[in-house]
Amino acid sequence: MNENYEQERGERLPPPSATGLLEGLNPEQREAVLHDEGPLLILAGAGSGKTRVITHRIAYLIRVRGVSPWAILAITFTNKAAAEMKSRIADLVGPVTQSMWIGTFHSMFVRILRRHPVETGYSKSFAIIDTDDQRALVREIMRDLNIDEKLFAVNAVHGAISRAKNRMQSPAAYRSQAGSDFRRRQIAEVYLRYQERLRANDTMDFDDILVETVRLFEGHPEVLAAWQARFRYILVDEYQDTNLAQYRAVNLLAALHRNICVVGDDDQSIYSFRGADIRNILEFEHDYRQTKVIKLERNYRSTGTILAAANAVIAHNGSRKEKNLWTEAGEGEQITFVRAADHFAETRFIAAEIDRYVRDHAGNSWRDVAVLYRVNALSRSIELGLRERGIPYRVYGGLRFYDRREIKDVLAYLRLIQNPGDDLSLARVINVPKRQIGLVTQEAVRSLGQREGLTMLEVCRQAAYFPELRRSAGKLAGFAALIDRLRLDLAASSHTLLEFVEHVLDKSGLMDEILNAKEKNREDSIDRVQNLRELVSDAGEFEDNFTLVGEPEEGATLEVVMAEDGGETLAIRLPEAAETAAEAVDTVAPVIDLATLLEGFLERATLYSAQDLTDENDDHVRLMTIHAAKGLEFPLVFLACVEEGVFPARQSMTSAESLEEERRLAYVAITRAMQRLYITTARTRMLYGYQQEQPVSMFVDEIPKEYLREIGGPAAGVGPAVFGAAGAGAAPRRRTGGEGRTPGFGVSPVSFLERRGAAAPGRATPVRRAVEPDAYRVGGRVSHPIFGRGVIVSVEALAGDVILELDFGGRTKTLLASQANLTLLGN
DNA sequence: CGGGACAACTTTTTT
DNA sequence: AGTTGTCCCG
């Protein structure tokens, strides 16, 4: 959506001409487009026209320099970004774009890996598991090893394994590095088995896709050489978010031609939790001598005020490349900072403002608006007000479509049908719907399989021959027969993909089970049926958009790429045996049958998130995390729940590095806004099941006052709450009246900031004091839950916080105002 | 073996 | 608060 706006502003370029590619570009942008050969680092600040530069550069390479699109590799982080880039390049150079490799690290590397089954040791149709399945597998292994899940959280173990992989550390290396550390030794054990299980199952997780690619390149020079030769120009977007494996793979690929162009912004590095290493971009110049560095600092997106605020916040970070965004746009409006009484008031306020923005101004639409927040869990509290007012909205992220249970069940069936060796999928569905095959039996099947070196499906088939399985033999054989039947149907290729998915839903009994759900689950089952229907039509859409791209060359070989409109999907049928690596790179026999379609469909289901599949043109307000908003822009942005502990997240406040990353996140958030930005907070919020007092985020304090206009009065505790006197209650549908309206676009009436009528009762929570230096005076009296009543001896403001020296009846304590649970006592 | 009641934990962010 | 996992009983 970000770039749509640019296009709508009429910047889509006129038809091909070399010079046309430079029109409307500023000098730095031109320089980047025209850069010839050799390493290029583009430091692209937020809203500096980055995508435009990349697309024009690629178009320039193709049209002016005559580079074959086939020799260009462009890597992005999300499928959506890839689709966007592809379509914009297509606008510039036409359909030849389709033979260009544009995609995410994961999808491009899968494509490569599938072509080298011999070298990787995986088959060409290895399965890919998502995060959920990874966790499930880790949990299972931990149970096998009798590791207490209370001592070792599954998430933490999984995280440690994932990070080890991203550091390119093998299980053995991890173990030897663990030394005598019990915890790490245990993790090493899980890691080892985890990897074995994946291998045995011909399955990769997200991390393996990257790691195995590096291993393929490093272990097979001839393979690497072939790909190096092919990709004369490599372009990596969001380079600041690459991790070690991605870094290595890219640099290996680029080593021959050294035409590597990386684009990024160290201030927007927000993925260190998944191994991204900001040093990759900071040290690019070091890695490549004679790197051409171009800084894009002119911002075309936001008002001067918004930019100034963003610059001020990010300036608090230490390690960064100095840059300063500027704009020729006017100052624009002040940023509105809102201190609402509680999350209800907050969401109502947001809803009212959105309502006014759209309904009172012709030409504004819902889709101009985004509400951003730190964590997905907050989306629900924000939805409230929007729903109340009937504002159309959509929550992005969160539970992805493909993560829904019923969807995963169907996909597991499809995976198992496609690959009978997929024990993980088998385990998921063997008793779904209920077939009276319990955990004991399942476990027996699994261990027999391991002992005999058979797939679990094979064990089921042969159940009658295993005395241990006698009791359930019939059921197991029945299940095997079902799968085998479906496999034959797949091989017969007599269905369309859509029909086949329906067929599986029917024969597996999944649909029946849901339809027969008990009365009380009625609503739920309607939802689930709808989801399944959606999956079926998704399959239909997938095959409809599936087109054969590229022309067969003389001599029989041809690359078959199934390009799906917008995004890109790869279902590639390989020649039976490619003789040489180079041949595997270049030659692919075109065979499109049902199995191939299914393979592509399944891969997309894992590699594509819900966001990639949503319709950009729908007219609704967008609710999403800041992470999800990266790369997007909106005329009107609400940054919600900007409270200490939420944003910055409490977990991030322990180290300087993670706090800096949070600040970069704040920077990303602020710079999404084009014309108007609201920062909203609630004084109290329900978190972890408790009503908590919420201090204002430190990031708000880092924005110079002159850019802010505050609604909601000073923080609670300093005086009587400014709002909340008039008993407005829940006043749902009241339209924002004229009061308080300023010309243009004013502040909404106070009523939306009121605490809901009856919310007050209940015991008064001790006030966790915000960073409000003025509230503390020497001699002032406070109460502390442990130390009791005390007197302030000294006050020292420091870095947005306040250090207090307190005298509790003779005992002197030094406390941080933001940390200590102090209540100010009046007089 | 399946279902229901109860307990515990959650909170970073995603390919 | 809400969900997810565990335990116990039929």
Side-chain angles (χ1 to χ4, degrees), chain A residues 75-82 103-110 128-132 134-136 139 143 149-150 153-156 159 162 165-166 204-210 238 241-243 245-246 268-276 343 372-381 396-400 402-403 405 431-442 471-472 475 518 520-521 603-612 624-630 641 645-654 658-659 661-662 664-666 668-669 685-692:
Chain A
I75 301 177
T76 62
F77 257 80
T78 65
N79 293 294
K80 193 163 72 184
T104 63
F105 275 103
H106 291 83
S107 54
M108 297 294 94
F109 287 180
V110 164
I128 302 166
I129 59 170
D130 64 23
T131 314
D132 264 4
Q134 291 173 44
R135 288 208 189 105
R139 175 173 293 123
R143 282 182 191 160
E149 284 175 45
K150 298 217 167 61
V154 173
N155 269 345
S162 176
K165 284 189 178 187
N166 283 318
M204 291 198 197
D205 64 19
F206 287 140
D207 304 318
D208 288 327
I209 292 170
L210 308 175
E238 307 283 11
D241 285 329
T242 51
N243 63 30
Q246 290 164 328
Q268 295 186 64
S269 165
I270 54 176
Y271 283 105
S272 72
F273 67 91
R274 70 171 188 216
H343 79 271
L372 310 182
Y373 36 85
R374 177 66 234 272
V375 293
N376 276 312
L378 294 167
S379 66
R380 195 170 299 142
S381 85
Y396 287 63
L399 188 62
R400 308 180 321 165
Y402 288 123
D403 286 342
R405 199 179 72 232
N431 202 28
V432 180
K434 306 261 183 287
R435 295 193 176 85
Q436 335 280 66
I437 301 173
L439 284 173
V440 181
T441 309
Q442 290 177 39
R471 278 175 56 195
S472 322
K475 297 167 199 152
K518 295 211 186 78
K520 65 173 181 174
N521 290 331
E603 183 167 305
R604 186 183 69 154
T606 325
L607 253 33
Y608 276 50
S609 70
Q611 279 168 58
D612 298 320
M624 61 181 92
T625 64
I626 301 168
H627 281 87
K630 192 163 81 150
C641 316
V646 176
F647 186 30
R650 200 184 339 178
Q651 302 87 324
S652 305
M653 294 167 74
T654 50
S658 57
L659 187 60
E661 176 142 322
E662 292 284 304
R664 291 193 292 270
L665 207 45
V668 169
R685 181 181 301 285
M686 184 72 94
L687 282 175
Y688 319 111
Y690 294 102
Q691 194 73 21
Q692 296 188 343

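Predicted, not measured: the structure shown is a model, and the values here were computed from it. Chain naming here is simple, since letters A, B, ... match the order of the sequence lines and numbering starts at 1 in each.
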Residues in ring pair (Phe, Tyr, Trp, His ring centres under 6.0 Å) with A/Phe105, at least two apart?
-> A/Phe77, A/Phe109
OP1 or OP2 of B/dT12 sitting under 4.0 Å from any side-chain N/O of A/Asn155?
-> no
Does the base of B/dT12 carry an N or O that pairs as donor and acceptor with the side chain of A/Arg650 under 3.5 Å?
-> no
Winner on side-chain proximity to A/Glu662, out of B/dG2, B/dT15, B/dT12, is B/dT12
Hey, what do you get for CE (A/Met108) to CD1 (A/Ile75), rounding to the nearest 0.5 Å?
-> 8.0 Å
Mind checking A/Phe647 for me? I need base, sugar-phosphate or nothing, with any heavy atom below 4.0 Å counting as a touch.
-> nothing
Please report, rounded to the nearest Å, how far the C1' atom of B/dT13 is from the CG atom of A/Asp241.
-> 11 Å
note: A/Asp205, atom CG; B/dT14, atom P; distance rounded to Å ~ 18 Å
For atom CG of A/Leu687 and atom P of B/dC9, their distance in whole Å = 18 Å
With sequence neighbours excluded, tell me which residues meet side chain to side chain donor-acceptor pair (under 3.5 Å) with A/Gln268.
-> A/Asp265, A/Arg672
What nucleotide, of B/dG2, C/dG2, B/dT12, holds the atom closest to the side chain of A/Ser652?
-> B/dT12
Quick note, A/Ala628 side chain, CB onward, closest among B/dC1, B/dT14, B/dT15 is B/dT14
note: A/Phe77, atom CZ; B/dT14, atom C1'; distance rounded to Å ~ 10 Å
Taking side chain to side chain contact (heavy atoms under 4.5 Å, CB included) as the test, write out the residues that go with A/Ser652, two or more places apart.
-> A/Arg374, A/Ala649, A/Ser658, A/Glu662
Across the strands shown, which category fits A/Ser272 at heavy-atom distances under 4.0 angstrom: base, sugar-phosphate, nothing?
-> nothing
Do the ring centers of A/His627 and A/Tyr396 come within less than 6.0 Å of each other?
-> no
Of the candidate nucleotides B/dT13, B/dT15, B/dG2, which contains the atom at the shortest distance from the side chain of A/Gln436?
-> B/dG2
Counting any heavy atom closer than 4.0 Å, what does A/Val440 reach on the DNA or RNA strands: base, sugar-phosphate only, or nothing?
-> sugar-phosphate
Under 5.5 Å between ring centres and under 30° between planes: does that hold for A/Phe273 against the base of B/dT13?
-> yes
Any A/Thr625 side-chain nitrogen or oxygen under 4.0 Å from OP1 or OP2 of B/dT12 = no
d(CD, A/Gln692; P, C/dA1) in whole Å | 13 Å
So, do A/Asn243 and A/Leu210 sit near enough that their side-chain heavy atoms are less than 4.5 Å apart?
-> yes
5'-most by nearest nucleotide on DNA chain B - A/Gly438 or A/Ala649 | A/Gly438
Partners passing ring pair (Phe, Tyr, Trp, His ring centres under 6.0 Å) against A/Phe206 (at least two apart in sequence or in another chain) = A/His106
For the pair made of CE in A/Met686 and P in B/dC9, what is the distance, rounded to whole Å?
-> 19 Å
What is the distance, rounded to the nearest whole Å, between atom OH of A/Tyr396 and atom P of B/dT15?
-> 14 Å
For A/Val440, what residues pass the side chain to side chain contact (heavy atoms under 4.5 Å, CB included) criterion, not counting sequence neighbours?
-> none
Between protein and nucleic acid, restricted to nucleotides 6-8 of chain C and to nitrogen or oxygen atoms under 3.5 Å apart, what atom pairs and distances do you find?
residue : atom : partner  : partner atom : Å
C/dT6   : OP1  : A/Arg143 : NH2          : 3.1

Toward the 5' end of DNA chain B, by each residue's nearest nucleotide, A/Ile437 or A/Asp207 = A/Ile437
Side chain of A/Lys434 only, please: which of B/dT12, B/dT15, B/dG2 is the nearest?
-> B/dG2
Between A/Asp207 and A/Ser162, is a side-chain hydrogen bond (donor to acceptor under 3.5 Å, both in side chains) present by the stated rule, with each step listed?
-> CA-CA 7 Å; A/Asp207 304 318; A/Ser162 176; 2.8 Å; yes
With heavy atoms under 4.0 Å as the rule, sort A/Phe105 into base, sugar-phosphate or nothing.
-> nothing
Which nucleotide in B/dC1, B/dT13, B/dT15 has an atom nearest any side-chain atom of A/Phe206 | B/dT15
How many Å lie between CG on A/Leu378 and P on C/dG2, as a whole number?
-> 15 Å
